[in-house]
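Single-structure report; data block below.
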Amino acid sequence: MAEVIRMPKMSDTMEEGVIASWLVKVGDTVKSGDILAEVETDKATMELESYEDGTVLHLGVKEKEAVKVDGVIAIVGEKGEKIDDLLQDATPEKATEIESSADDEKSEESNSESEDKIDTSGINAALITMPKMSDTMTEGVIATWLKKVGDEVKSGDILAEVETDKATMELEAYEDGKLLYIGVEAGSAVAVDGVIAVVGEEGADYKKLIQAHDAGGKPKAASKPAEKAPASTETPKAETKSNNTSTASADGRVKASPLAKKLAEDKGYDINAISGSGEGGRIVKRDVESFTPSASAPSKASGAPSVQLPSVVGEESHEDVQLSQMRKTIARRLTESKFTAPHFYLTMEINMDKAVEARKSMNELSPVKISFNDIVLKATAAALRMHPNVNVSWQEDTLRYNKHIHIGVAVAVDEGLLVPVVRFADNKSLSHISAEVKELAGKATNKQLQPSDWEGNTFTISNLGMFGIEEFTAIINPPDACILAIGGIKETPIVKDGQVVPGNVMKVTLSCDHRAVDGAVGAAFLKTLKGLLEDPVRILI
């Protein structure tokens, strides 16, 4: 008997999934455990298994289409089996899933039905929309187009570089064909699911596809910048590789990955002098690493910077720089946190004399250099294990007590702040924590963090001590209920055994969400943390 395969709920926050690619077609024989498709959820791309033996009788969803949880996506049964009844049951559900926005407008359906339902079945083209590349992403900026209208495109080709709130990522094509339409200029923002391009057969009526997309109520592309670019720059020019080592295109744009550009800038190399070995002559990381600058082509670092003097002493000037996606997201999330969660702050001084001595001893044996931040992180994890009512998350109707300890570590990057997560910090040694924090910080600086690196924190630490800051307060990083702000260690006169002696003192401030954590609870946590840091051997117990 035929069985209906529905979209499973693959994560706690998943509401719908996108069929990234089908690995079977109608008529194929499948067995229980075979992979039917790759499904893109709100967290990651996962494999969808078959739980039945039989033949694929029906595929109800095209690739790149979204399906609500429990929506029908396929039917598996015996070869030649009648499935008309199942299809009749599935069709209303699918219509509801795709056109759920019309549920509130059924009274007007008869008047607008002919306009809303546009037949696109005969159009050999596919829309490319802005994917949701991180859990907090609401829009993306097209940093660079790597293709132009009329170019041949194959599945797997890189169409553009997209700047998200977390990193700059590459947008791949999943269809073969010609690039028929580019709907967004480089530098413009597009809402998630907004149309950015169309790939398909030459001459296909892609405008009807766009009309059908807009009629479905999906987000449209964000408006273009106020200053309209000249007509000659509305579509990126063809990128051609010259006979020399430069990989610059005809309009001066360099074909290089974001990581390669960053690496070349850090090393002081002229990116135009590097030969690319990637697709279409694109410069990638290995090209920069293997590049040796010649004497005749000095790097940027060797050239003396030119001095620009104003024409009039004291002349006023300014520059408006468009906000990056990362800065927009930081502003939005911290504003929500500050004005939604009622913050209160607890500050405590900690004598770090024994921690200073312990660190010297540890670094004589440790395979990696252990920092004071690593020691604080380990002590914080131990204190959270003893005070589980601090390791919580406010859920509006419930209070979530996290039984695992994942500590976010705030890392400053050029465009803002990222918070990679050290998972199960209470179960890791100091040397393990030190190595992991260094690796995550490097990834953050190079924009290489993946969603699995920044999701799932239950508590956060922010350390400005290395900048000479003695004391500060931090804004809570949702979904945490607390964040610990760490100041620098300062040699200060302290009273010990009735005498004034020099001591190494560090101030820490705990920011708490008063909805989830009370003052006495936060104070008890800080008291335990103080005891652990003032006698670090207790961290190991």
Side-chain angles (χ1 to χ4, degrees), residues 1-11 14-100 102 117-129 131-132 153-156 172-177 193 195 198-201 204-206 208-209 212-213 215-216 218:
M1 180 178 178
E3 293 290 338
V4 174
I5 297 175
R6 299 178 181 273
M7 178 62 69
K9 188 176 179 69
M10 295 177 169
S11 74
M14 177 178 171
E15 296 180 355
E16 65 180 15
V18 173
I19 302 297
S21 62
W22 281 109
L23 303 181
V24 296
K25 62 183 184 297
V26 173
D28 284 356
T29 300
V30 295
K31 294 182 179 180
S32 177
D34 286 356
I35 306 302
L36 300 179
E38 293 180 346
V39 177
E40 180 186 343
T41 74
D42 59 334
K43 301 291 187 184
T45 299
M46 302 181 182
E47 295 177 337
L48 176 67
E49 291 186 11
S50 172
Y51 294 98
E52 302 290 336
D53 297 341
T55 300
V56 179
L57 304 176
H58 173 71
L59 297 180
V61 185
K62 295 180 180 179
E63 291 185 352
K64 315 304 174 300
E65 280 190 352
V67 186
K68 296 288 186 183
V69 170
D70 289 333
V72 176
I73 54 180
I75 298 177
V76 173
E78 295 181 4
K79 189 173 182 179
E81 185 176 354
K82 299 285 187 180
I83 59 171
D84 293 344
D85 293 342
L86 290 176
L87 287 175
Q88 288 176 3
D89 293 339
T91 301
E93 294 175 10
K94 184 179 177 184
T96 302
E97 292 155 11
I98 296 176
E99 301 175 10
S100 59
K117 294 183 179 180
I118 302 173
D119 183 14
T120 60
S121 58
I123 302 175
N124 294 324
L127 294 177
I128 297 175
T129 58
K132 189 176 179 70
V153 175
K154 293 184 179 180
S155 177
E172 289 188 15
Y174 294 98
E175 303 286 341
D176 296 342
D193 289 334
V195 177
V198 180
V199 171
E201 187 179 272
D205 187 6
Y206 65 83
K208 186 178 288 187
L209 282 177
H213 179 276
K218 296 181 180 179

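Worth saying up front: this structure is predicted, and the values here are computed from it rather than measured. Values reported hereafter were calculated over all heavy atoms of this structure, with side chains retained and with hydrogens, waters and symmetry mates removed.
Checking each of Val4, Val39, Leu36, Leu48 against Ile73 for a side-chain contact (heavy atoms from CB on, under 4.5 Å) leaves exactly one that passes, namely Leu48.
Counting all heavy atoms, side chain and backbone alike, Ala173 lies closest to Lys154 at CB-O, 3.9 Å. Scanning all heavy atoms of the two residues, the minimum distance from His213 to Val195 falls at ND1-CG2, 3.5 Å. Counting all heavy atoms, side chain and backbone alike, His58 lies closest to Ile83 at CB-CD1, 3.8 Å. Minimum interatomic distance between Ile5 and Val76 (heavy atoms only, all atoms of both residues): CD1-CG2, 3.5 Å. The two atoms that bring Trp22 and Lys62 nearest to each other are NE1-C, 4.3 Å, heavy atoms only.
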Worksheet item: Val61 and Met7: side-chain contact (heavy atoms from CB on, under 4.5 Å), yes or no, with the steps?
Response: CA-CA 11 Å; Val61 185; Met7 178 62 69; over 6 Å; no
Practice prompt. Carefully, step by step, assess Asp34 and Val24 under the rule side-chain contact (heavy atoms from CB on, under 4.5 Å).
Written response: CA-CA 10 Å; Asp34 286 356; Val24 296; over 6 Å; no
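To the nearest 0.5 Å, atom CZ of residue Arg6 and atom CD1 of residue Ile75 are 9.5 Å apart. Note that the CG atom of Leu57 and the CD atom of Glu78 stand 9.0 Å from one another [nearest 0.5 Å]. Expressed to the nearest 0.5 Å, how far CG of Leu209 lies from CG of Leu127 amounts to 5.0 Å. For the atom pair CD (Glu81) and OG1 (Thr55), the distance works out to 9.5 Å, reported to the nearest 0.5 Å.
Side chains of Glu49 and Ile35 form a contact here, defined as non-hydrogen atoms less than 4.5 Å apart.
For the pair Glu65 (side chain) and Ile19 (backbone), a donor-acceptor distance under 3.5 Å is absent.
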